[in-house]
*Asks:* 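Have a look at this one.
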2 protein chains.
Amino acid sequence: MTGKTDTRSRILDIAEAAVLEKGFEATSIEEIVAGAEISRGGFFYHFKDKNALARAMLERYIEVENALYDDLFARARELNDDPLHSMLIGLKLLAEMLEEMPTGHPGCVIASTAYQDRLFDEGVRELNRQAILGWRKRFRGMFEDIADVYQPREEVNLDALGDMVSGVVEGGLVLQRALREHNNASEQIMLFRTYLKLLFSPN
Amino acid sequence: MTGKTDTRSRILDIAEAAVLEKGFEATSIEEIVAGAEISRGGFFYHFKDKNALARAMLERYIEVENALYDDLFARARELNDDPLHSMLIGLKLLAEMLEEMPTGHPGCVIASTAYQDRLFDEGVRELNRQAILGWRKRFRGMFEDIADVYQPREEVNLDALGDMVSGVVEGGLVLQRALREHNNASEQIMLFRTYLKLLFSPN
DNA sequence: GTGTCAACTGGACTCACGGTACAGTAGGGG
DNA sequence: CCCCTACTGTACCGTGAGTCCAGTTGACAC
């Protein structure tokens with residue numbers, strides 16, 4: 001028929017939009033099939049249950065997120081070769097990006113699934129876990145590069161510091177969602193940026 | 001013994017335990033009434049629907065949480081009269097407390113409701129919002145006291161810094177839940193503590 | 001042109017859960 | 001004695017997930 005998008009990814013698109021707007025639980029299969037203009041049978045042909053949908057969404061989301069981080073910090077590195085300064089630039093770019101997102105960042109998908117984890121199976125939980133561990137590794141690596149050049153003023157665990165990036169983003173998104181404000185996440189990232197400056201900048 | 005209605009608070013106890021363990025959505029009314037040894041009718045006598053239960057739980061939780069913060073930072077102030085040092089002590093006490101909690105801190109209740117907010121009515125969302133604004137005010141006040149004595153090395157928005165306490169706790173709890181590790185939240189608080197030390201300590 | 005297969009449609013059904021309605025009742029005041 | 005609070009118990013409804021399955025459609029294969 002249309003040919004340009006196959007049904008499976010059309011389902012994922014519709015589902016993702018709905019889930020980001022109102023949460024996984026509040027998004028019914030009925031609604032997804034209506035949006036994708038398919039039958040209920042068609043949905044279950046592609047996804048054995050809602051869990052399989054969640055997994056596919058998470059997989060796709062994590063890929064996009066990682067590509068985004070790759071791109072963002074690569075650009076930051078182009079702008080300044082120093083590991084500390086490129087990190088600071090990257091965080092600023094990230095904060096700006098979050099501010100420009102109208103409905104908020106999809107990062108909430110991670111926190112969202114974390115808090116509804118009993119609704120999901122082990123596969124989904126494990127995906128979630130691996131995503132966060134991946135970010136830990138990514139940022140830890142960057143902090144190691146910084147620490148090779150700049151002696152930190154206080155001793156910190158670099159794994160925990162890597163987690164702090166994820167935590168600050170996730171926490172900021174929680175605040176943003178609960179407060180119905182708009183820039184909490186980017187504000188929190190900028191505060192974290194100041195932390196790094198204080199921690200690594202030579203006096 | 002005492003208490004206006006024994007049954008009502010027994011429902012809340014059972015519900016809270018279940019919700020903390022597996023989330024609000026995954027906790028059925030059936031299960032609550034079984035645990036509290038009452039009939040379904042009895043449940044709906046006390047709570048008109050699940051929303052009313054959520055609201056009552058949140059109200060109670062926020063009260064307990066605030067009392068806990070009051071107590072914790074009052075003790076910290078007793079141990080050291082300096083605003084910065086008492087804050088640092090308070091955060092250490094908080095981190096220790098979080099570590100000692102086996103199932104994790106109930107703070108997740110806030111994040112949890114934030115991410116499932118379409119399941120709840122405006123009353124619940126507003127309660128959530130007010131709780132976070134309350135913490136902002138609390139911590140902002142403490143940071144103002146610190147800033148009166150110690151000139152911060154970098155200019156920061158004290159409201160945002162106040163939010164960062166909530167954000168770091170919430171974010172840490174998200175990590176902890178997703179990673180199935182145990183000390184992420186307390187670790188994140190300790191990292192935040194280091195931040196404050198760097199920000200306010202005279203060189 | 002016949003056969004096969006993937007990608008569906010559509011309908012009937014089960015089950016769990018939230019929620020409604022309401023009649024009845026045990027027990028403690030006034 | 002009645003009345004009120006705090007329930008019990010049952011019957012019933014709607015919604016949404018998930019199952020089963022029989023049938024259709026179009027592409028490509030031989």
Side-chain angles (χ1 to χ4, degrees), chain A residues 1-19 21-58 112-113 115-125, chain B residues 1-19 21-58 112-113 115-125:
Chain A
M1 300 269 230
T2 55
K4 67 172 176 182
T5 36
D6 100 76
T7 305
R8 195 187 137 96
S9 51
R10 210 167 71 245
I11 293 173
L12 284 174
D13 289 339
I14 306 255
E16 193 171 287
V19 167
E21 203 219 317
K22 44 190 202 173
F24 187 78
E25 214 287 316
T27 300
S28 69
I29 290 173
E30 209 66 51
E31 174 188 350
I32 294 168
V33 303
E37 289 176 312
I38 52 163
S39 63
R40 271 168 54 79
F43 175 86
F44 286 106
Y45 175 77
H46 288 289
F47 303 99
K48 105 174 219 292
D49 53 24
K50 245 187 147 185
N51 245 301
L53 175 68
R55 232 180 101 162
M57 281 177 59
L58 250 189
S112 175
T113 50
Y115 273 113
Q116 299 176 38
D117 60 357
R118 296 298 162 119
L119 293 174
F120 301 112
D121 63 18
E122 196 45 51
V124 174
R125 289 200 285 268
Chain B
M1 272 207 267
T2 48
K4 356 181 208 178
T5 50
D6 187 36
T7 306
R8 195 185 136 96
S9 48
R10 211 168 69 246
I11 294 174
L12 285 174
D13 289 339
I14 305 257
E16 195 171 285
V19 167
E21 204 219 316
K22 45 189 201 172
F24 187 77
E25 215 285 318
T27 301
S28 69
I29 291 173
E30 209 67 51
E31 174 187 351
I32 295 168
V33 304
E37 289 175 313
I38 53 165
S39 63
R40 270 167 56 79
F43 175 86
F44 286 107
Y45 175 78
H46 289 289
F47 303 99
K48 107 173 217 293
D49 53 24
K50 244 187 150 185
N51 245 302
L53 174 69
R55 235 180 96 162
M57 280 177 59
L58 250 190
S112 174
T113 51
Y115 273 113
Q116 299 177 37
D117 60 357
R118 296 295 162 120
L119 294 174
F120 300 113
D121 63 19
E122 196 45 51
V124 174
R125 288 200 285 267

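Keep in mind that the numbers below use all heavy atoms, side chains included, and drop hydrogens, waters and symmetry copies. Residue numbering restarts at 1 for every chain, and letters A, B, ... go by the order of the sequence lines.
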*Asks:* Output the distance between atom CG (B/L53) and atom CD (B/E16), rounded to the nearest 0.5 Å.
*Replies:* 10.0 Å
*Asks:* Work out which heavy atom in A/M57 is nearest to a heavy atom in A/A15; give both atom names and the distance.
*Replies:* SD-CB, 3.9 Å
*Asks:* Rounded to the nearest angstrom, tell me the gap between atom CD1 in A/I11 and atom C1' in C/dA7.
*Replies:* 11 Å
*Asks:* Rounded to whole angstrom units, what separation is found between the CZ atom of A/R8 and the C1' atom of C/dC8?
*Replies:* 15 Å
*Asks:* Which value, rounded to the nearest 0.5 Å, describes the distance between B/L12 atom CG and B/I32 atom CD1?
*Replies:* 9.0 Å
*Asks:* Checking A/E31 now: which residues fulfil side-chain hydrogen bond (donor to acceptor under 3.5 Å, both in side chains) with it, not counting sequence neighbours?
*Replies:* A/K22
*Asks:* In whole angstrom, give the distance that lies between atom CD1 of B/I29 and atom P of C/dG18.
*Replies:* 5 Å
*Asks:* Please enumerate all residues that pass salt bridge (charged side-chain N to carboxylate O under 4.0 Å, His left out) together with B/R8, with sequence neighbours excluded.
*Replies:* none
*Asks:* Counting side-chain heavy atoms from C-beta on, which of C/dT9, D/dA17, C/dG19 comes nearest to A/R40?
*Replies:* D/dA17
*Asks:* Please write out the pairs of protein N or O atoms and N or O atoms of nucleotides 24-26 of chain C separated by less than 3.5 Å, giving the distance to one decimal.
*Replies:*
none

*Asks:* Need the bend value for the helix from C/dG1-D/dC30 to C/dG30-D/dC1: angle between end axes, 5 pairs each end, nearest 10°.
*Replies:* 10°
*Asks:* Whole angstrom is fine here: how far is it from CD1 in A/I38 over to C1' in C/dA6?
*Replies:* 15 Å
*Asks:* Side-chain atoms of residues 34-49 of chain B: list all donor-acceptor pairs with protein atoms under 3.5 Å, sequence neighbours left out, distances to 0.1 Å.
*Replies:*
residue	atom	partner	partner atom	Å
B/S39	OG	B/G42	N	3.2
B/D49	OD1	B/N51	N	3.2
B/D49	OD1	B/A52	N	3.0

*Asks:* With a 4.0 Å heavy-atom cut-off, tell me which residues in residues 41-50 of chain B come close to DNA chain C, sorted by residue number.
*Replies:* B/F44, B/K48, B/D49, B/K50
*Asks:* Are any of A/T7's side-chain N or O atoms less than 4.0 Å away from OP1 or OP2 of C/dC8?
*Replies:* yes
*Asks:* Which pair of non-hydrogen atoms, one from B/E25 and one from B/K50, has the smallest distance, and what is that distance?
*Replies:* O-NZ, 3.7 Å
*Asks:* Counting only heavy atoms from other residues, nucleotides and ligands, does the tally under 6.0 Å from CZ of B/R55 exceed 12?
*Replies:* no
